[in-house]
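Read the structure below first, then the notes.
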Protein chains: 2
Amino acid sequence: MTDASSQDGRQALPELTAPDYVVLGMVRLGARSGYEIKQRVERSIRFFWTISQVQIYPSLGRLEQAGLITGADDPQGRRPRRAYAITGTGEAALRQWLHQAEPIPFELRDTGLVRLFFADALPPGEARELLTVIKQRSQDKLAALRAIESSADAARDKGDIYPLLTLQMGIGFHQAIIDVCQDFERKLREPYRV
Amino acid sequence: MTDASSQDGRQALPELTAPDYVVLGMVRLGARSGYEIKQRVERSIRFFWTISQVQIYPSLGRLEQAGLITGADDPQGRRPRRAYAITGTGEAALRQWLHQAEPIPFELRDTGLVRLFFADALPPGEARELLTVIKQRSQDKLAALRAIESSADAARDKGDIYPLLTLQMGIGFHQAIIDVCQDFERKLREPYRV
DNA sequence: TTCTCCATGTAAGTAGTTACATGATTGG
DNA sequence: CCAATCATGTAACTACTTACATGGAGAA
């Protein structure tokens, strides 16, 4: 879909991957170094995306080569650091990625829910323990999400409203899991039903 | 954590992975062939797990070698088929996997939400289109989940209650996403706020 | 006969991870 | 001076995917 023809003197884009666009988007939002990108990911999109430190630096290299960001050495004292900023081309490439219409798959991959699904293989007491663990996990996630609400609010005040939206989705859906767990626990306690 | 000491004459288990346990669990629930396992995964845990056809057969091989399932040739006419059943050892191994206490990470990985997070880079109209796409996607998932409610009900009637629970979680959390989207769309239509 | 479903397989590739390694700066 | 944080990198691995391939069975 991305036409990689070389209209200018730069390298043709080598089919950027989703993690590349995450890095690009974070640079756009003001993350300057690879280290800072990692931090921002942890503080914002962590509940629906992760990126390992290892893949950030090669990604920055590709983006710079493609002219989507510019990098400049910017040491802090004697500690080396490379500071990046997005270019006009980069802004356009990001918009193009965001805008493309192709269907967006939703693929969750969670061993916790898998284990819960198979919980009938356990004695009832142990199955309920597992249920508690799953509920607790979402409660923890919920707390973590509430803790970053302030940064999403700050982003909104700067004109970026969508980080707050995705945060609210995270809150909403972990709350939904907790609700289902509690509802189920109640039903288990009073088994007057069929 | 899994102690792979060989107490009997069989192969020591070569550290089974999560997909292996998914296959094992599906055999326990009555899936006989690799083909049927794939089908069952699609009809039950699909919203929080996928497995590709390719990885099922090697997995069945490992499980059989480890003595967790037994396989027998069971052709349908001249079409070959291998039918599997779980063993006592397999039941125990599954229970052990389900029961272990170690923290269960929750790692979602969804480009859709990532794109929504960065949507402020788009002109407002296009950002709202993206929001609509995300909402629609959850509505579709919701419909798909409601369509498999009958099999979860059937499982419950056979004594397996947890498939219904995880299904309700899927329903709950896609509903939560839809709710947040609609709430946000309302706010965008009437921007009387700060 | 043709289409859909049943049933299994191989080969090649990429995306991503964990583990390890290094060293400077800042704050207590 | 010690711990936490800042900042980047390398090497080895494993999990998983896509694409391709084959062919029988049953229904229209």
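Because the structure is predicted, anything quoted here is derived from the model rather than measured.
Using five terminal pairs a side, the axes of the helix from C:dT1-D:dA28 to C:dG28-D:dC1 at its two ends make an angle of 40°, given in steps of 10 degrees.
Sorted by first then second residue, the side chain to side chain donor-acceptor pair (under 3.5 Å) pairs that include residues 159-168 of chain A, not counting sequence neighbours, number zero.
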Between the protein and nucleotides 15-17 of chain C, are there any N/O to N/O pairs under 3.5 Å, and if so, what are the atom names and distances?
unit_1	atom_1	unit_2	atom_2	d
C:dG16	OP1	B:R109	NH2	3.4
C:dT17	OP2	A:Q55	OE1	3.0

Exercise for the section: Mind running salt bridge (charged side-chain N to carboxylate O under 4.0 Å, His left out) on A:E185 and A:K135 for me, showing each step along the way? Expected result: CA-CA 10 Å; A:E185 283 171 339; A:K135 189 179 73 174; 3.1 Å; yes
Exercise for the section: Report the C-alpha separation of B:F173 and A:H174 in whole Å, then their side-chain angles, then the decisive distance to 0.1 Å, and conclude whether the ring pair (Phe, Tyr, Trp, His ring centres under 6.0 Å) test is met. Expected result: CA-CA 7 Å; B:F173 97 49; A:H174 281 293; 8.2 Å; no
Problem - Check against side chain to side chain contact (heavy atoms under 4.5 Å, CB included), B:I45 and B:M26 - result: CA-CA 10 Å; B:I45 61 175; B:M26 285 298 171; 4.0 Å; yes
Problem - side chain to side chain donor-acceptor pair (under 3.5 Å) evaluation trace for A:R43 with A:S151 - result: CA-CA 8 Å; A:R43 272 193 72 79; A:S151 25; 3.0 Å; yes
Handout entry: Full working for side chain to side chain contact (heavy atoms under 4.5 Å, CB included) between B:T50 and A:R109
Key = CA-CA 7 Å; B:T50 40; A:R109 195 170 186 82; 3.4 Å; yes
Practice task
Before giving the answer on side chain to side chain contact (heavy atoms under 4.5 Å, CB included), spell out for A:V23 and A:V41 the whole-Å C-alpha distance, their side-chain angles and the decisive distance to 0.1 Å.
Solution key: CA-CA 9 Å; A:V23 169; A:V41 166; over 6 Å; no
Practice task
Please assess A:D110 against A:R137 for the test salt bridge (charged side-chain N to carboxylate O under 4.0 Å, His left out), listing each intermediate value before the final yes or no.
Solution key: CA-CA 12 Å; A:D110 180 44; A:R137 184 181 69 155; 2.8 Å; yes
Exercise for the section: Test A:K38 against A:E42 for salt bridge (charged side-chain N to carboxylate O under 4.0 Å, His left out), laying out the working first. Expected result: CA-CA 6 Å; A:K38 173 66 174 163; A:E42 293 302 307; 3.2 Å; yes
Exercise for the section: Start with the C-alpha distance between B:S150 and B:D153, add both sets of side-chain angles, then the distance that settles side chain to side chain donor-acceptor pair (under 3.5 Å), and finish with yes or no. Expected result: CA-CA 5 Å; B:S150 56; B:D153 285 338; over 6 Å; no
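Of the charged side-chain nitrogens involved, none lies within less than 4.0 Å of a carboxylate oxygen, so that A:R32 and A:E36 do not count as a salt-bridged pair. A salt bridge is defined here as a Lys NZ or Arg NE, NH1 or NH2 lying under 4.0 Å from an Asp or Glu carboxylate O, and B:R62 with B:E15 fails to meet this definition. Residues A:R156 and A:E149 are not paired through a salt bridge, judged by the lack of any N-O separation under 4.0 Å between the basic side chain and the carboxylate.
Proximity of B:R28 to B:L94: side-chain heavy atoms (C-beta onward) are separated by under 4.5 Å at one or more points. Counting only heavy atoms from C-beta outward, the side chains of B:Y84 and B:L63 never approach each other to under 4.5 Å.
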Practice task
Quick one, give me the B/S/- string for nucleotides 21-28 of chain C, reading 5' to 3', where B means a protein heavy atom under 4.0 Å from the base and S means that only happens at the primed atoms, P, OP1 or OP2.
Solution key: ---BB---
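The stretch residues 25-38 of chain B has no heavy atom under 4.0 angstrom from DNA chain D at all.
Think of the region where chain B sits on DNA chain D: with heavy atoms and a 4.0 Å cut, that region ends 5' and 3' at D:dA15 to D:dA25.
Across all strands, B:E107 comes closer than 4.0 Å to no nucleic acid atom at all (heavy-atom distances).
A straight line from CG of A:D20 to P of C:dT14 spans 14 Å, rounded to a whole angstrom.
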